[in-house]
Amino acid sequence: MSRLIKRIRPRRSERPPAVAEPQTGSAAPAGTEPADAAAAQAPSFHERGRARRRLRYLRRVRELAFRDLGGLVYDQHRFEKPNEALVKGKVEALAAIDGELRALEGALGDRRPLHELREPGIAQCPRCGELHGSDAKWCPSCGLELRTANAAPPAPQRAPDQQQTATLPAAEQ
């Protein structure tokens, strides 16, 4: 994969000069091509497409690896059977995925900041950070009223004479 990254965006020091100048004291023997001539060319449309597909795949794999690691640590804690070697292996695999992903993002110029995932039906308290159902009215941890931000807009106000006439029939019933 590192060869693909090098072909996508070669380093500035590896890029060929804009105007080829005759070389008088080159290290390569006369009549032979430099060994790295193919890597200095701009990547093709096909190669960039492959790299973009790989980037999308790595983003999904990294997210699944984060979830897997979190579930593993939780289960080890819950069953009181810690296995540091297994956790270390998962972290190293995740670091390798993240390293390749960052390299591809840099080569393609497609850096994206990390963002919080939103799951339907799950929300987070703005005060304490506790997770709760998105239909909850109060935070189960700190008691903050959660529906104030999501409350429906108030009904349009009526003129005072319309409010009195609207309430009179209801009072008579």
Side-chain angles (χ1 to χ4, degrees), residues 1-9 43-173:
M1 194 66 198
S2 63
R3 289 187 308 175
L4 178 64
I5 293 170
K6 287 180 182 177
R7 290 183 70 190
I8 292 171
R9 181 170 288 173
S44 68
F45 181 77
H46 177 70
E47 290 169 345
R48 289 184 65 83
R50 282 183 52 208
R52 284 190 194 102
R53 284 191 297 278
R54 178 76 177 163
L55 184 63
R56 285 192 301 268
Y57 169 76
L58 287 174
R59 285 180 177 145
R60 289 191 306 263
V61 168
R62 180 181 64 176
E63 182 59 37
L64 289 173
F66 276 134
R67 291 179 184 203
D68 182 44
L69 180 62
L72 174 70
V73 170
Y74 173 73
D75 281 345
Q76 286 183 358
H77 177 72
R78 184 176 71 167
F79 295 119
E80 297 177 0
K81 294 183 179 181
N83 186 346
E84 294 298 321
L86 182 60
V87 172
K88 185 177 179 181
K90 295 259 184 194
V91 168
E92 289 172 356
L94 183 58
I97 292 168
D98 193 54
E100 183 180 351
L101 186 128
R102 300 273 178 205
L104 271 175
E105 283 179 340
L108 291 171
D110 189 15
R111 290 247 178 227
R112 294 187 183 172
L114 292 177
H115 62 278
E116 293 181 18
L117 296 176
R118 304 282 186 228
E119 288 290 328
I122 299 174
Q124 185 176 18
C125 175
R127 183 190 294 166
C128 67
E130 180 73 21
L131 295 177
H132 56 80
S134 59
D135 59 345
K137 295 180 182 177
W138 305 93
C139 175
S141 179
C142 68
L144 178 70
E145 186 175 6
L146 301 170
R147 302 296 285 190
T148 56
N150 299 335
Q157 295 290 334
R158 298 182 185 177
D161 61 335
Q162 289 178 346
Q163 285 180 347
Q164 290 174 355
T165 58
T167 57
L168 284 177
E172 293 175 355
Q173 293 176 358

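In this text, all values refer to a predicted model and were calculated from it rather than measured experimentally.
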Side chains of [X] and [Y] in contact at under 4.5 Å (non-hydrogen atoms):
{"X": "Cys139", "Y": "Cys128", "answer": "yes"}
{"X": "Asn83", "Y": "Gln76", "answer": "yes"}
{"X": "Leu144", "Y": "Pro126", "answer": "yes"}
{"X": "Asp110", "Y": "Arg112", "answer": "yes"}

For atom CZ of Phe45, decide whether the heavy atoms of other residues, nucleotides or ligands shown that lie under 6.0 angstrom number more than 12. no
So how far is it from [X] [atom1] to [Y] [atom2], rounded to the nearest 0.5 Å?
{"X": "Arg62", "Y": "Arg102", "atom1": "CZ", "atom2": "CZ", "result": "5.5 Å"}
{"X": "Asp75", "Y": "Glu80", "atom1": "CG", "atom2": "CD", "result": "13.0 Å"}
{"X": "Leu64", "Y": "Leu94", "atom1": "CG", "atom2": "CG", "result": "11.0 Å"}
{"X": "Tyr57", "Y": "Leu104", "atom1": "OH", "atom2": "CG", "result": "13.0 Å"}

Is there a donor-acceptor pair under 3.5 Å between the side chain of Glu47 and the backbone N or O of Ser44? yes
Would you call Arg59 and Glu63 a salt bridge, taking side-chain N to carboxylate O under 4.0 Å as the test?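 No, Arg59 and Glu63 are not salt-bridged.
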Between Glu145 and Arg127, does any NZ, NE, NH1 or NH2 come within less than 4.0 Å of an OD or OE carboxylate oxygen? no
Given side-chain contact (heavy atoms from CB on, under 4.5 Å), test Cys125 with Cys142 step by step and report yes or no. CA-CA 9 Å; Cys125 175; Cys142 68; 3.7 Å; yes
Reference residue Val73; test side chain to side chain contact (heavy atoms under 4.5 Å, CB included); the match among Asp68, Leu86, Val87: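 For Val73, the side chain to side chain contact (heavy atoms under 4.5 Å, CB included) test succeeds with only one of Asp68, Leu86, Val87, which is Val87.
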What are the two closest heavy atoms between Pro140 and His132, and how far apart are they?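 Heavy atoms of Pro140 and His132 come nearest at CD-CB, 3.8 Å.
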Which atoms form the tightest heavy-atom contact between Leu101 and Leu55, and what is the distance? O-CD1, 3.8 Å
